[in-house]
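Inspection log for the structure reproduced underneath, given as structure tokens.
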Amino acid sequence: MNHLLSISDLTRADIEQLHRLTDSFAEVSRRSIPKVPALRGKNVVWLFYEDSTRTRLSFEQAAKRLSADTMTFSVGSSSVKKGESLRDTVLTIEAMGVDGIVVRHASAGVPWQIAQWLEDRVSIVNAGDGWHEHPTQALLDSYTIRDERGALDGMHIGIVGDVKHSRVARSDVLAYTALGAEVTLIAPPTLLPSSLEGWPVTVRHDLDTVLPSLDVVYLLRMQKERMTEHLVPSLREYTARYGLTSRRVDALRDDALVMHPGPMNRGVEISAEVADLPRSVIIDQVRNGVATRMAVLYLLLGQGVDKVLGAEVSELPVVLDPDPSGSGPGNQAQGSNHPGQASPTAGVRA
Ligand code: CP
């Protein structure tokens with residue numbers, strides 16, 4: 001049984017294979033009937049103890065496009081309100097018969113804990129655990145850059161803002177550097193983790209001097225809900241030094257991309273006009289999130305990690321089912337397949 005808990009569990013070859021699978025599922029998503037029977041008979045539950053729009057809905061959309069059955073757990077209307085523990089909740093859900101649990105929780109490590117309790121009988125996907133990791137966000141972010149620019153090798157990516165509280169930053173740093181990019185964190189010292197030992201990054205505190213050298217400027221949300229102390233004097237002062245305004249965009253190279261994981265605080269870390277510029281690929285990130293999560297669910301619940309990571313995408317018949325409507329691009333993905341780079345299952349916990 002396999003899980004996706006951390007980007008650090010994936011090799012570069014694993015991430016590249018997931019990106020190629022995402023290409024195939026993006027093609028499925030463009031069909032007039034965007035559905036394949038890859039996960040027919042599989043049951044996936046969304047176990048979200050924290051709010052979400054993009055992650056939960058795109059996992060739901062992904063599962064439907066793969067013909068999986070789904071169950072939704074909402075904390076607010078569940079027996080958690082009556083004091084039921086996380087462990088009892090998880091065991092209860094397992095008893096109903098599930099193949100996968102997609103979990104978001106405010107506490108770091110919960111996805112690992114659940115995998116242990118269930119003794120690997122159910123695949124667990126980390127949809128965000130505290131400040132720790134958000135691996136599918138990093139997969140869709142790196143896919144979006146690759147989709148726009150071909151590859152991440154040699155790119156300079158600046159991650160700006162509240163790194164301290166950001167699980168997205170932690171997963172993105174791992175994915176971007178695994179794929180050959182150089183990452184600079186740009187933030188006031190108070191919004192950086194207390195130790196960056198082992199992080200393969202450069203740190204800068206002055207956004208204006210770094211902007212001209214960036215291929216991608218990736219803005220993080222100011223996470224007001226996680227700030228228990230005053231880490232910046234005021235949001236206005238934060239915006240003055242670190243907000244991506246139209247004036248700052250003028251300092252970027254013509255082909256530099258603007259990214260944000262969402263939800264955005266327009267007028268804080270990004271101005272409303274900048275969020276809607278053609279170079280802002282924030283909506284593309286959301287769109288790519290569906291195909292990315294189809295690839296992840298297929299990897300874990302479909303053919304099996306050994307077969308998927310070690311195979312050429314064209315060897316995975318369900319992905320390449322022709323368009324049943326006959327009106328879409330059909331089996332176009334076959335023409336764009338690259339040879340798979342064989343890799344061990346190392347990385348996706350067995
Ligand atoms: N990026 C992200 O995780 O968004 P949601 O909180 O809406 O899922």
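All values derive from a computational prediction rather than experimental measurement. Numbering of residues begins at 1 and proceeds along the displayed sequence. When a ligand or atom number is given, it counts from 1 through the structure's own listing order.
- Within the 4.0 Å heavy-atom shell around ligand 1 one finds H134.
- Classification of R287 and D284 as a salt-bridged pair holds, one side-chain N sitting under 4.0 Å from a carboxylate O.
- Checked against the 6.0 Å centroid criterion, the rings of Y298 and F25 qualify as a close aromatic pair.
- Between T55 and ligand 1, a contact under 3.5 Å exists for at least one N or O pair.
- In summary, the atoms of ligand 1 found under 4.0 Å from a heavy atom of T53, numbered by their order in the structure, are 5 (P), 7 (O), 8 (O).
- Nearest non-hydrogen protein atom to atom 4 (O) of ligand 1 is R54 NE, 3.0 Å.
- Contacts of R104 with ligand 1, taken as heavy-atom pairs under 4.0 Å, involve the side chain alone.
- A donor-acceptor pair shorter than 3.5 Å cannot be found between the side chains of H134 and R170.
- Selection from G128, P261, S58 by nearest heavy atom to atom 1 (N) of ligand 1 gives P261.
- Under a 4.0 Å N-O distance rule, the pair R241/E237 does not qualify as a salt bridge.
- For ligand 1 and G262, the ligand atoms under 4.0 Å from any heavy atom of the residue are 1 (N), 2 (C), 4 (O).
- Residues D141 and R146 are not paired through a salt bridge, judged by the lack of any N-O separation under 4.0 Å between the basic side chain and the carboxylate.
- A side-chain N or O of E269 and one of H260 form a donor-acceptor pair less than 3.5 Å apart.
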